[in-house]
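Here the structure comes first, spelled out in structure tokens, and everything after it is commentary.
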There are 2 protein chains.
Amino acid sequence: MEDVGTALAETSLPAISPLHGEPIERADAERLAGVLKALADPARLRLLSLIQSAPEGEACVCDLTAPLGLSQPTVSHHLRILTEAGLLEREKRGVWAYYRLVPSAIGAIADLLTPPRKRATKKAAR
Amino acid sequence: MEDVGTALAETSLPAISPLHGEPIERADAERLAGVLKALADPARLRLLSLIQSAPEGEACVCDLTAPLGLSQPTVSHHLRILTEAGLLEREKRGVWAYYRLVPSAIGAIADLLTPPRKRATKKAAR
DNA sequence: CAACAGCATTGATTCGCCTGCATATCTGCA
DNA sequence: TGCAGATATGCAGGCGAATCAATGCTGTTG
């Protein structure tokens, strides 16, 4: 894969939504799918949940392996994917690497999936 | 896979969110991941988008193969997955099968991903 | 009734991903 | 400098998914 990280970070994940106006294009669909793919995994969902509920809203790898029941390399791998998708941010303090959520990124996804308010009108006008 | 269809339909996709309170459990993570996996595909995102923007908010398979550039069996396959995930509903009229969105289902996902309003306070109190 | 059109299903192929093991890298400390 | 603990990366096995061609099914039409 290329750089899914920038997919959500800045430019990408544009204001277009698959549930609003005209059909999205292939490139946009692939970008959005890339980010959703990062979310669509039980281990990664649990990671996000664990980090979010951690004392300071952050957690290091060593705190996450046990609750997940996965090996340290595997956990590190999933955290990498989530970070590259723009859903997590990493901060290294000393020997430990602390991860925390990026609320705006997750919010952006939620917005894209939120159908327009009462916008059920069909464009049958054509 | 078992019945991802019921995953969103009724009981499943409970009120728990991976981004709110305490960490979600493994079973919940797998259910949510199952639905997200249905979304995390470019072809399926484009299908949802095409159907949503269709004249009556509905479309049949024959209208979808060309814009997607995929074979009819493949399109049918994706529609099946989306329907089983509870994101689409199917209605057969004559020889045609019309698909349309299930807004509540997609809204439910969006709600789960929407962080609590201004709830950024950490529970470090513990 | 026969021929045809729209969809779904099956089988086969290819590709990607999740996982763990082994190993490399980095940081702090003696 | 050398050692130990915390993370990251490479590699490989195995499972699941995406796709298409071929086939079956159902309703429509002549």
Side-chain angles (χ1 to χ4, degrees), chain A residues 1-5 26 29-30 33-48 50-51 54 58-85 88-100, chain B residues 1-5 7 26 29-48 50-51 54 58-85 87-100:
Chain A
M1 64 197 78
E2 313 94 51
D3 196 351
V4 190
R26 190 171 169 183
E30 289 179 355
V35 180
L36 286 175
K37 223 178 274 272
L39 269 179
D41 180 275
R44 291 196 282 269
L45 284 175
R46 293 183 70 197
L47 278 175
L48 291 177
L50 284 168
I51 294 174
E58 62 183 16
C60 60
V61 182
C62 57
D63 295 331
L64 298 170
T65 57
L68 270 186
L70 295 177
S71 69
Q72 175 268 319
T74 300
V75 171
S76 197
H77 164 74
H78 286 305
L79 290 172
R80 183 188 194 282
I81 291 180
L82 288 170
T83 303
E84 285 183 345
L88 285 182
E89 59 183 11
R90 189 184 103 121
E91 180 192 358
K92 186 148 191 183
R93 293 204 298 268
V95 190
W96 294 276
Y98 290 91
Y99 290 85
R100 68 181 57 186
Chain B
M1 68 197 79
E2 309 95 54
D3 195 350
V4 189
R26 190 171 171 180
E30 287 178 357
R31 266 197 295 268
L32 179 52
V35 181
L36 287 175
K37 223 179 276 272
L39 268 180
D41 181 276
R44 291 197 280 270
L45 284 175
R46 293 184 71 196
L47 279 175
L48 292 178
L50 284 167
I51 295 174
E58 63 183 16
C60 60
V61 181
C62 57
D63 295 331
L64 299 170
T65 56
L68 269 188
L70 294 177
S71 70
Q72 176 267 317
T74 300
V75 171
S76 201
H77 164 75
H78 285 306
L79 291 173
R80 184 189 194 293
I81 290 181
L82 287 170
T83 303
E84 286 183 345
L87 300 173
L88 286 182
E89 60 183 10
R90 189 184 103 120
E91 180 192 358
K92 184 148 191 181
R93 293 202 299 268
V95 191
W96 296 275
Y98 290 92
Y99 291 86
R100 69 181 57 186

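Protein chains get the first letters and strands the later ones, always in sequence-line order, with residue 1 at the start of each.
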Closest non-hydrogen atom pair between [X] and [Y], with its separation:
X	Y	answer
Y99(B)	L79(B)	CE1-CD1, 3.6 Å
A54(A)	E58(A)	CB-O, 3.2 Å
H78(A)	L47(A)	CB-CD1, 3.5 Å
A97(A)	R90(A)	CB-NH1, 3.9 Å
W96(A)	C60(A)	CD1-SG, 4.0 Å

Hey, does the side chain of [X] come within less than 4.0 Å of [N]'s phosphate (OP1/OP2), counting only N and O?
X	N	result
R44(A)	dC18(C)	yes
S71(A)	dT19(C)	no
R80(A)	dA8(D)	no
Y98(B)	dG6(C)	no
S76(A)	dA8(D)	yes
R90(B)	dC7(C)	no

Closest nucleotide among [options] to the [X] side chain:
X	options	value
V95(B)	dC7(C), dT28(D), dT19(D)	dT28(D)
P73(B)	dA8(C), dG20(C), dC18(C)	dA8(C)
V61(B)	dC7(C), dT19(D), dT19(C)	dC7(C)
C62(B)	dG6(C), dC20(D), dA18(D)	dG6(C)

With nearest nucleotides of DNA chain C determined for K92(B) and L70(A) from heavy-atom distances, which residue corresponds to the more 5′ nucleotide? K92(B)
Residue closer to the 5' end of DNA chain C, R93(A) versus A40(A) (nearest nucleotide): A40(A)
[N] [atom2] sits how many Å from [X] [atom1], rounded?
X	N	atom1	atom2	result
L45(A)	dC18(C)	CG	P	12 Å
L36(B)	dC17(C)	CG	P	16 Å
L79(A)	dC18(C)	CG	C1'	14 Å
D41(A)	dC18(C)	CG	C1'	7 Å
Y99(A)	dA6(D)	OH	P	15 Å
I81(A)	dG16(C)	CD1	P	14 Å
H77(B)	dA21(D)	NE2	P	16 Å
W96(B)	dC25(D)	CH2	C1'	16 Å

Which part of the nucleic acid does H78(A) contact within heavy-atom distance under 4.0 Å: base, sugar-phosphate only, or nothing? sugar-phosphate
Between K37(A) and A97(A), which residue's closest nucleotide on DNA chain D lies nearer the 5′ terminus? A97(A)
Look at the side chain of Q72(A) against the base of dA6(D) and say whether a donor-acceptor pair falls under 3.5 Å; ignore hydrogens and angles.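 Absent.
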With a 4.5 Å cut-off on side-chain heavy atoms, are I81(B) and D41(B) touching?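 When only atoms from C-beta onward are counted, I81(B) and D41(B) do not touch, as no gap falls below 4.5 Å.
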